[in-house]
Amino acid sequence: MVDQVERAGQPEERHDAIEVLSHEDRRFPPPAAFAEQANVNDPAVYERAKADPEAFWAEQAENLTWFKKWDQVLDWDNAPFAKWFVGGKLNIAHNCLDRHVEAGKGNKVAFYWEGEPGDTRTITYSELLKEVCKVSNALKELDVVKGDRVVIYMPMIPELAVTLLACARIGAPHTVVFGGFSADAVRDRINDAQAEIVITADGGYRRGAPSALKPHVDEAIEGAPSIEKVLVVKRTGQDVPMTEGRDFWWDDVVGRQPEQHEPEEMDSEDLLYLLYTSGTTGKPKGIAHTTGGYMVGATYTHRAVFDIKDDDVYWCAADIGWVTGHTYICYAPLANCTTSVMYEGTPFYPEPDRWWDIIERYKVSILYCAPTAIRAHMKEGHQHATGHDLSALRLLGSVGEPINPEAWMWYHRYIGGERCPVVDTWWQTETGSIMISPLPGVTTTKPGSATFALPGIDADIVDDDGKSVPNGRAGYLVIRQPWPSMLRTLYGDPERYEETYWGKFENMYFAGDGAMRDEEGYFWLLGRVDDVMNVSGHRLSTTEIESALVSHDLVAEAAVVGQPDPLTGEAIFAFVILKNRAHPEDQAEFGKVLRDHVAKKISPIAKPKRVMFTPDLPKTRSGKIMRRLLRNIASGQTIGDTTTLADSGVVDLIQEASLSQSDDE
Ligand code: WTA
């Protein structure tokens with residue numbers, strides 16, 4: 001700390017991509033009993049994988065069922081276009097279903113599903129297989145063949161997972177559009193993928209009310225001439241217009257199909273799915289994932305990071321509409337024959353304890369969720385959780401954003417009862433599966449650090465010239481070697497793929513994130529490099545300052561952005577959400593308290609110039625704070641594109657909140 005305070009007063013000699021301000025001393029070794037039973041508990045795995053990554057991944061691939069074994073593990077001759085398990089033939093749905101049923105596990109529960117209104121369904125592996133076969137046959141009846149792209153726009157109901165698996169079974173790449181997105185998003189994705197069919201529902205439940213989906217599809221199709229058919233699941237029973245000859249009810253078409261279906265033999269490199277990410281500017285990028293390598297990366301990481309056992313009840317509380325749901329609700333858990341919980345609705349309906357109630361009732365043993373959810377629960381208060389029996393939990397995971405050390409501690413203490421390891425998992429839609437994360441039976445964790453790259457993953461941090469930076473310094477997070485579940489390209493735009501991910505540094509995948517390694521080599525994610533602020537020549541990450549704010553007892557969540565400043569180039573502008581129990585009498589005064597808190601906690605150079613208290617923050621549907629919008633608000637510009645915003649009312653709320661800012665510089 002002293003070092004940093006001194007540094008703040010001196011002119012910088014080094015020109016680091018990002019400066020490091022914070023420091024963490026708390027450590028949590030794996031509990032002995034956990035380590036003993038863990039799927040991975042020998043640290044030698046890192047060295048073994050490093051010595052021969054291809055052999056390591058081939059070993060993982062052996063755990064899966066291949067119709068024909070691969071001839072070559074990796075073909076990287078045409079870098080950055082990778083091929084994994086070249087020549088291998090398989091079907092991922094067959095790996096997720098048939099082989100478990102054949103092995104006598106048909107009666108094992110695949111999903112405990114719970115709808116937001118409280119309706120429930122329990123689905124075994126053999127029931128899931130039958131349903132997937134029927135839907136595969138239904139797709140055939142609707143003229144969908146191998147290679148056709150299928151757009152899926154559904155609520156979190158079992159039919160969503162069934163549809164993904166049916167597409168995979170017949171070899172039709174799916175592209176899921178998150179159920180909360182608008183008609184525009186559906187249209188753009190249909191057009192980019194040139195899909196001929198959309199699978200949707202009449203609606204789904206959110207915040208206690210049915211919300212319609214089908215009308216968005218109708219609107220989207222007006223500008224999407226490739227669509228010929230629409231298959232509609234009845235979920236809410238609300239009235240929806242059906243177009244004769246184009247729209248079909250799921251129950252009619254699926255209901256009449258046979259329960260057997262021969263899975264298509266897919267090549268390892270056949271397209272499994274496209275998932276669009278909005279990117280910072282321009283048209284959405286269709287991230288392309290193929291079959292064999294994706295399955296290997298997904299199942300290995302799921303088994304190793306979540307320590308999956310036969311009797312676990314695992315809950316990934318994400319939405320299938322984003323990659324976390326693709327990999328860790330659908331494909332990996334099923335391929336590992338896991339029993340999962342799947343929940344349709346919002347965490348706070350009808351009461352703030354909905355999640356904790358679910359965990360108690362289903363005896364969930366592994367919970368995986370996003371920091372944004374953890375902070376939202378922190379805001380509501382831990383009393384909602386501690387009123388429930390959460391003793392079945394044995395492991396906790398986090399994904400999607402840097403987890404602030406205090407949010408990590410809260411999760412560890414109140415949800416994990418101080419006995420569960422916490423795995424902070426860093427990865428991306430592009431990486432397909434987890435890249436940087438503790439192994440819960442091996443790694444001593446530090447709150448807020450994703451710790452180390454997983455075995456078989458070669459992550460590094462480099463400076464502007466692409467040179468590795470020493471421990472204790474920050475820079476750009478890169479991956480130096482290909483990995484099985486990596487994206488293969490951007491759909492229809494290989495040049496953009498090369499330029500976006502491989503263009504900044506030679507022979508390195510650049511993830512777009514800033515990161516640092518501490519003295520012990522632990523990785524700390526520092527947020528997107530596009531969000532780095534330049535304050536009087538200091539390049540500051542958003543993450544550390546936000547974490548410093550969240551470390552104040554009354555703060556639930558914070559977002560900082562740079563605001564143009566005539567004196568310092570940029571000034572730090574902090575948006576702060578207080579916990580429900582906080583009622584500061586004088587907001588301007590409390591703003592000053594928080595600003596001083598940051599100065600003391602990390603460094604005076606990181607002290608926000610302005611603090612604005614707001615009831616909410618603009619977030620994407622996957623829970624990421626949209627700092628771009630906040631930058632526009634802070635600099636008084638027009639708000640710009642809000643199509644991926646979860647709740648567009650938030651921007652108005654924040655603009656109304658502008659009077660309570662504190663500014664005493
Ligand atoms: C961020 C989600 C810090 C990061 C699986 C990344 C994280 C982007 C973490 C990808 C983490 C994800 N710590 N940051 N544990 N996990 N991120 O494509 O900026 O929705 O580049 O994939 O989320 O988001 P995506």
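For the single chain, residues carry numbers from 1 onward in sequence order. This one's a predicted model, so the numbers in the text were calculated from it and none came from an experiment. Reckoned from all heavy atoms, side chains included, excluding hydrogens, waters and symmetry mates. Order of listing sets the numbers, starting from 1, for every ligand and every atom in it.
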Exercise for the section: Quick one: sort the Y476 and F505 rings into parallel, tilted or perpendicular, breaks at 30° and 60°. Expected result: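 Correct class here is tilted.
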Any donor-acceptor pair under 3.5 Å linking the side-chain atoms of [Y] with those of [X]?
| X | Y | answer |
| --- | --- | --- |
| R149 | Y491 | yes |
| E544 | S22 | yes |
| T324 | Y368 | no |
| D460 | S468 | yes |
| T500 | K285 | no |
| T290 | R488 | yes |

May I ask you to identify the nearest protein heavy atom to [atom], giving residue, atom name and distance to one decimal place in Å?
| atom | answer |
| --- | --- |
| atom 24 (O) of ligand 1 | K624 NZ, 3.0 Å |
| atom 2 (C) of ligand 1 | W322 CZ3, 3.7 Å |
| atom 25 (P) of ligand 1 | T429 OG1, 3.5 Å |
| atom 3 (C) of ligand 1 | P402 N, 3.1 Å |
| atom 4 (C) of ligand 1 | D513 OD2, 2.8 Å |
| atom 10 (C) of ligand 1 | W427 O, 3.6 Å |
| atom 1 (C) of ligand 1 | G400 O, 3.3 Å |
| atom 11 (C) of ligand 1 | E401 O, 3.4 Å |

Handout entry: Heteroatom proximity flag, S398 to ligand 1, N/O under 3.5 Å
Key =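 Min N/O separation from ligand 1 is not below 3.5 Å for S398.
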Handout entry: Close N or O approach (A511, ligand 1; < 3.5 Å)
Key =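 N/O-N/O distance below 3.5 Å does not exist for this pair.
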Practice task
Have a look at ligand 1 and work out which part of L525, if any, has a heavy atom under 4.0 Å from it: side chain, backbone, both or neither.
Solution key: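 L525 to ligand 1: side-chain contact only, backbone stays beyond 4.0 Å.
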Practice task
Using a 4.0 Å heavy-atom cut-off, say whether V323 meets ligand 1 through its side chain, its backbone, both or neither.
Solution key: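 Within the 4.0 Å criterion, V323 contacts ligand 1 through side-chain atoms alone.
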Exercise for the section: Mark the output for T277 as yes if a heavy-atom distance to ligand 1 is under 4.0 Å, and as no if none is. Expected result: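 The answer is no: ligand 1 sits nowhere under 4.0 Å from a heavy atom of T277.
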Practice task
Would you please determine whether G512 falls within less than 4.0 Å of ligand 1 on a heavy-atom basis?
Solution key: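 For ligand 1, residue contact (heavy atoms, under 4.0 Å) with G512 is absent.
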Which ligand 1 atoms does [X] reach within 4.0 Å, using its non-hydrogen atoms?
| X | value |
| --- | --- |
| T425 | 9 (C), 11 (C), 15 (N), 16 (N) |
| T324 | 5 (C) |
| V399 | 5 (C) |

Ring centres under 6.0 angstrom apart ([X], [Y]):
| X | Y | result |
| --- | --- | --- |
| F181 | Y153 | no |
| Y314 | H302 | yes |
| F523 | F452 | no |

Problem - K446 charged N/C atom sitting above F28 aromatic ring, 6.0 Å / 45° - result: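 Because its charged atom misses either the 6.0 Å distance or the 45° angle limit, K446 does not stack over F28.
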